[in-house]
J.: 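One structure, as structure tokens, below. Some questions next.
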Amino acid sequence: MPSCATAIAETLREGGVRFVFGHPGGEVVDLIDALEKTGIRFILTGHEAAAAFMASAVGRLTGTPGVCLATLGPGACNLVLGVGAAYLDRDPLVALSALSPVSRSRVSQKQNLPLNDLFDPVCKWSVALEKSGIRATVRSALQVSTAAPAGPVYLSIPNDVAVADAAPGEGASTPDPTRACIGSLDGIAAAMNRAERPVGVVGIALDAHRDSAAVRRFFSESEIPYVVLPQAKGIPDEFGRGYLGTVASAAGDAVLVDMISRSDCILGVGFDPVESAQDWHLRQPVFSLADCSIAFGDFSPASECVGNVTILLDRLLTRYKARPLWTAAEIRRAKDGVADSICPDEESREIGLSPFHLIREIRETLPAETILSVDVGAHKMLISQVWRPRSPGTFLTSNGLSAMGYGLPSALAASLLRPGHPVAGVFGDAGFAMMVQELETACRLGLRPLLVVMCDRSLAIVKVAQAMRKLPCRGVDFQPVDWAGVADGFGATGVTVTTLEDMRRAGEAWLAKPELTVVAARVDERLYTGMEY
């Protein structure tokens with residue numbers, strides 16, 4: 001009879017899992033051994049949160065849940081940030097950790113926390129594994145994680161259970177699936193046909209790879225102008241005639257929000273309000289086509305159809321007989337308004353480069369198929385507007401939770417999954433500092449992404465909030481760090497750039513000879529424009 005650890009590993013392998021990311025303790029060594037023997041590679045990370053971020057990125061890129069592993073107590077607690085991000089970023093993930101042995105759980109408090117209770121609020125399902133039915137429970141965990149909306153499942157395993165023989169059984173009872181009222185597509189079509197100024201909003205409540213072609217076809221043929229939310233970038237055609245820009249945590253989107261506010265019909269195509277910190281969807285009726293209900297709390301769309309978004313869009317297209325009254329001049333003014341608000345007059349000052357011009361230089365230097373990972377901060381809001389990916393799965397960021405520290409681990413995960421494919425990451429120096437230990441992980445694994453650190457030595461987006469509230473800047477500035485030197489210390493190639501030409505040369509050198517490269521680019525935070533908080 002195989003052990004429970006072996007049963008877990010074999011079930012994960014059968015479910016398509018090929019990597020498990022984590023930082024071990026003595027309580028999980030039997031599981032790690034079982035994973036390796038089953039053909040699943042255990043990837044040691046410097047911090048458990050990084051492991052969860054990497055697993056989250058794997059889930060988003062592949063559709064198969066990424067898996068992360070930690071020991072009990074502090075190790076499990078460190079997973080929470082990445083698991084919470086997967087929950088609000090809608091990424092399929094299975095988090096595993098050790099749990100105090102059953103034999104000691106009621107007599108010793110040493111490292112003994114109620115971990116399933118801790119994870120329950122940020123997971124779709126939280127369950128303690130038992131010897132009976134362990135294969136069925138792990139199999140169910142993979143299924144629950146990928147069911148729309150995708151998200152994390154947490155499994156705890158006492159180490160005395162891990163080494164015990166697995167026993168047959170039905171497994172733990174899965175949570176009841178959320179049941180949405182599937183509305184009338186004819187009703188949504190009627191609302192669209194009555195509308196004079198409809199606007200489409202594209203989000204992540206769909207299958208990015210399957211539904212992208214239908215999304216592009218619908219907006220091209222209907223001629224309805226559309227916007228995209230950051231995590232859905234690359235799904236619609238961002239070079240299409242009706243594309244307006246990125247909204248909800250994007251620089252310069254005020255003009256687009258104004259246009260949405262003047263619309264008489266918002267069509268959500270996979271729109272998930274989890275990404276939006278704005279309230280236009282609360283003030284106006286939203287008609288939703290998505291793979292799950294987007295209702296939350298007191299919010300409900302005017303009408304929603306839940307299902308395969310490709311099928312729903314194609315059926316709606318045959319029923320849509322009107323044409324929007326937006327003029328080409330109005331669409332052009334909106335696009336120009338965004339461009340004017342985010343592009344400063346100067347390319348640089350004595351302190352550093354304009355973030356806008358630096359990002360544009362990176363975009364023009366790297367090939368169109370580059371996978372870009374972006375951390376959270378002022379630069380994310382700008383890049384979300386400037387960077388226009390040509391296909392889904394090539395723009396990675398955390399926006400539902402907006403978790404700083406996401407960028408570097410997700411860039412490494414993309415490099416691991418796509419060896420030989422150009423992968424780049426852009427981070428603020430504060431977010432990079434949170435995960436800099438993962439440079440060792442990258443060197444050990446032989447990963448070769450281009451990592452650009454925008455060095456402004458401050459929390460620039462927090463300063464925006466302080467300025468809006470007419471408060472002094474406190475607690476947001478820090479000492480400069482020689483990040484190129486730090487990179488050299490880890491065994492990577494470190495480059496400091498102070499001009500746009502320097503950035504172009506660094507990018508070209510990396511393309512000519514890909515190796516793990518950290519580019520420390522000095523930027524002037526005063527040249528961020530179009531920012532709101």
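Values below: every heavy atom of this structure, side chains too, minus hydrogens, waters and symmetry copies.
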J.: What I want to find out is whether Lys335 reaches Glu238 closely enough, with some N-O distance under 4.0 Å, to be called a salt bridge.
T.: no

J.: Please indicate whether Phe296 has more than 12 foreign heavy atoms, meaning atoms of other residues, nucleotides or ligands, lying under 6.0 Å from its CZ.
T.: no

J.: Considering only NZ, NE, NH1 and NH2 on the basic side and carboxylate oxygens on the acidic side, decide whether Arg333 and Asp336 come within less than 4.0 Å.
T.: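 Judged by the 4.0 Å cut-off on N to carboxylate O distance, Arg333 and Asp336 do not form a salt bridge.
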
J.: Rounded to the nearest 0.5 Å, what separates atom CG in Leu372 from atom CG in Leu366?
T.: 8.0 Å

J.: Measuring from atom CZ of Arg444 to atom CG of Leu439, what distance do you get when rounded to the nearest 0.5 angstrom?
T.: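 Going from CZ on Arg444 over to CG on Leu439, the span is 11.5 Å.
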
J.: If you measure from OG1 on Thr146 to NZ on Lys124, what distance do you get to the nearest 0.5 Å?
T.: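 Reported to 0.5 Å precision, the distance equals 7.0 Å.
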
J.: Would you confirm whether Arg469, through its side chain, and Ala465, through its main-chain N or O, come within 3.5 Å as a donor-acceptor pair?
T.: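 Present.
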
J.: Is the backbone of Gly268 close enough, under 3.5 Å, to the side chain of Glu304 for a donor and an acceptor to pair up by distance?
T.: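 Checking the backbone N and O of Gly268 against the side chain of Glu304, no donor-acceptor pair under 3.5 Å is found.
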
J.: Is Thr529 reaching over with its side chain to a backbone N or O of Ile342, donor-acceptor style, under 3.5 angstrom?
T.: yes

J.: Please check this pair: side chain of Asp375 against backbone of Gly407, looking for a donor-acceptor N/O pair closer than 3.5 Å.
T.: yes

J.: Tell me whether Glu525 is salt-bridged to Arg457, with the criterion being a basic N under 4.0 Å from an acidic carboxylate O.
T.: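 Looking at Arg457 together with Glu525, the answer is no, because their closest N to O distance does not fall below 4.0 Å.
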
J.: Quick one: does Ile362's side chain get under 4.5 Å of Val452's, heavy atoms only?
T.: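 Touching, per the 4.5 Å side-chain cut-off.
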
J.: Could you check whether any side-chain heavy atom of Leu382 comes within less than 4.5 Å of a side-chain heavy atom of Met531, counting everything from C-beta outward?
T.: yes

J.: If you count heavy atoms of other groups shown closer than 6.0 angstrom to CZ of Arg283, is the number above 12?
T.: yes

J.: Do you know which two heavy atoms are closest between Ala378 and Ile461, and how far apart they sit?
T.: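 Heavy-atom minimum between the residues: N-CB, 3.8 Å.
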
J.: Working to the nearest 0.5 angstrom, can you tell me the gap between Phe356 CZ and Gln385 CD?
T.: 10.0 Å

J.: Nearest 0.5 Å please: distance from the CD atom of Gln231 over to the CG atom of Asp89.
T.: 4.0 Å

J.: Output, in order, the C-alpha distance, side-chain angles, deciding distance and verdict of side-chain contact (heavy atoms from CB on, under 4.5 Å) for Phe478 and Asp429.
T.: CA-CA 10 Å; Phe478 45 88; Asp429 41 7; 3.5 Å; yes

J.: So Phe21 and Leu416, do their side chains get closer than 4.5 Å, heavy atoms only?
T.: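 SC-SC contact between Leu416 and Phe21 confirmed.
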
J.: Just by distance, with hydrogens left out, do Glu275 and Asn399 show a side-chain donor and acceptor under 3.5 Å apart?
T.: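 Short answer, yes.
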
J.: Please determine which of Leu313, Asp237, Leu317, Val202 meets the side chain to side chain contact (heavy atoms under 4.5 Å, CB included) test together with Phe219.
T.: Val202

J.: Please walk me through it: do Phe53 and Met435 pass side-chain contact (heavy atoms from CB on, under 4.5 Å)?
T.: CA-CA 11 Å; Phe53 284 139; Met435 290 290 163; 3.9 Å; yes

J.: For the pair Arg217 and Glu221, find out whether any cationic side-chain nitrogen is under 4.0 Å from an anionic carboxylate oxygen.
T.: no

J.: Return yes if some donor-acceptor pair links the side-chain N/O of Gln284 with the main-chain N/O of Ser263 below 3.5 Å, else return no.
T.: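 Side chain of Gln284 to backbone of Ser263, a donor-acceptor pair under 3.5 Å: yes, one is there.
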
J.: Might you point out which heavy atoms bring Leu396 and Ser410 nearest each other, and give the distance in Å?
T.: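 Scanning both residues completely, I find the closest heavy atoms to be CD1-O, 4.0 Å.
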
J.: Give me the atom names and distance for the closest heavy-atom approach of Arg448 to Pro514.
T.: CD-O, 3.2 Å

J.: Any side-chain heavy-atom pair from Phe432 and Val518 closer than 4.5 angstrom?
T.: yes

J.: Please find the pair of heavy atoms, one from Pro392 and one from His209, that lie closest to each other, and give the distance.
T.: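 Closest approach of Pro392 to His209, heavy atoms only: O-CE1, 3.7 Å.
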
J.: Could you check whether atom CZ of Arg241 has more than 12 heavy atoms from other residues, nucleotides or ligands sitting under 6.0 Å from it?
T.: no

J.: For Glu196, look at atom CD and say whether over 12 heavy atoms of other residues, nucleotides or ligands are found less than 6.0 Å away.
T.: no

J.: Check whether any side-chain heavy atom of Leu267 lies under 4.5 Å from a side-chain heavy atom of Tyr226, and answer yes or no.
T.: no

J.: List the steps, then state whether side-chain contact (heavy atoms from CB on, under 4.5 Å) holds for His47 with Asn78.
T.: CA-CA 8 Å; His47 194 279; Asn78 281 343; 3.6 Å; yes

J.: Judged by atom type as modelled, is there a donor-acceptor pair below 3.5 Å linking the side chain of Asp211 to the main-chain atoms of Asp207?
T.: yes

J.: Without swapping roles, check the side chain of Thr394 against the backbone of Thr370 for a donor-acceptor pair under 3.5 Å.
T.: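 No; zero donor-acceptor contacts below 3.5 Å.
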
J.: How far apart are the C-alpha atoms of His357 and Cys343, what are their side-chain angles, what is the distance that settles it, and do they pass the side-chain contact (heavy atoms from CB on, under 4.5 Å) test?
T.: CA-CA 8 Å; His357 291 92; Cys343 180; 4.0 Å; yes

J.: Around Asp279, counting heavy atoms of other residues, nucleotides and ligands shown, do more than 12 lie under 6.0 Å from its CG?
T.: yes

J.: Regarding Asp253 and Gln278, is there a side-chain donor-to-acceptor distance under 3.5 Å anywhere?
T.: yes

J.: Distance-only, no hydrogens or angles: does the Ser145 side chain make a donor-acceptor pair with backbone N or O of Gly151 under 3.5 Å?
T.: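 Answer holds: yes.
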
J.: Starting at CZ of Arg315, measure out to CD1 of Ile188 and round the result to the nearest 0.5 Å.
T.: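 Between atom CZ of Arg315 and atom CD1 of Ile188 there are 12.5 Å.
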
J.: If every non-hydrogen atom of Val338 is compared with every non-hydrogen atom of Gly252, which pair is closest and at what distance?
T.: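 In terms of heavy atoms, the two residues are closest at CG2-O, 3.4 Å.
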
J.: Is any side-chain heavy atom of Phe490 less than 4.5 Å from a side-chain heavy atom of Leu516?
T.: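 A side-chain contact is absent here, since even the closest heavy-atom pair is not under 4.5 Å.
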
J.: What pair of heavy atoms forms the shortest contact from Val247 to Pro230, and how long is it?
T.: O-CD, 3.4 Å

J.: With a 3.5 Å distance limit and no angle check, can you tell me whether Asp477 reaches the backbone of Ser458 through a side-chain donor-acceptor pair?
T.: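 Pair absent, no side-chain N/O of Asp477 close to backbone of Ser458.
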
J.: With a 4.5 Å heavy-atom cut-off, do Val374 and Phe395 have their side chains touching?
T.: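 Side chain of Val374 against side chain of Phe395, heavy atoms only: contact under 4.5 Å found.
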
J.: Short question: side chain of Lys233, backbone of Thr246 - any donor-acceptor pair under 3.5 Å?
T.: no

J.: Just so I know, are the side chains of Met503 and Leu353 near enough to count as touching, which here means a heavy-atom distance under 4.5 Å?
T.: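 Of all side-chain heavy-atom pairs linking Leu353 with Met503, none is under 4.5 Å.
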
J.: Determine, for Arg504 against Glu501, whether the closest basic-nitrogen to carboxylate-oxygen distance falls under 4.0 angstrom.
T.: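 Salt bridge flag = yes for Glu501 with Arg504.
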
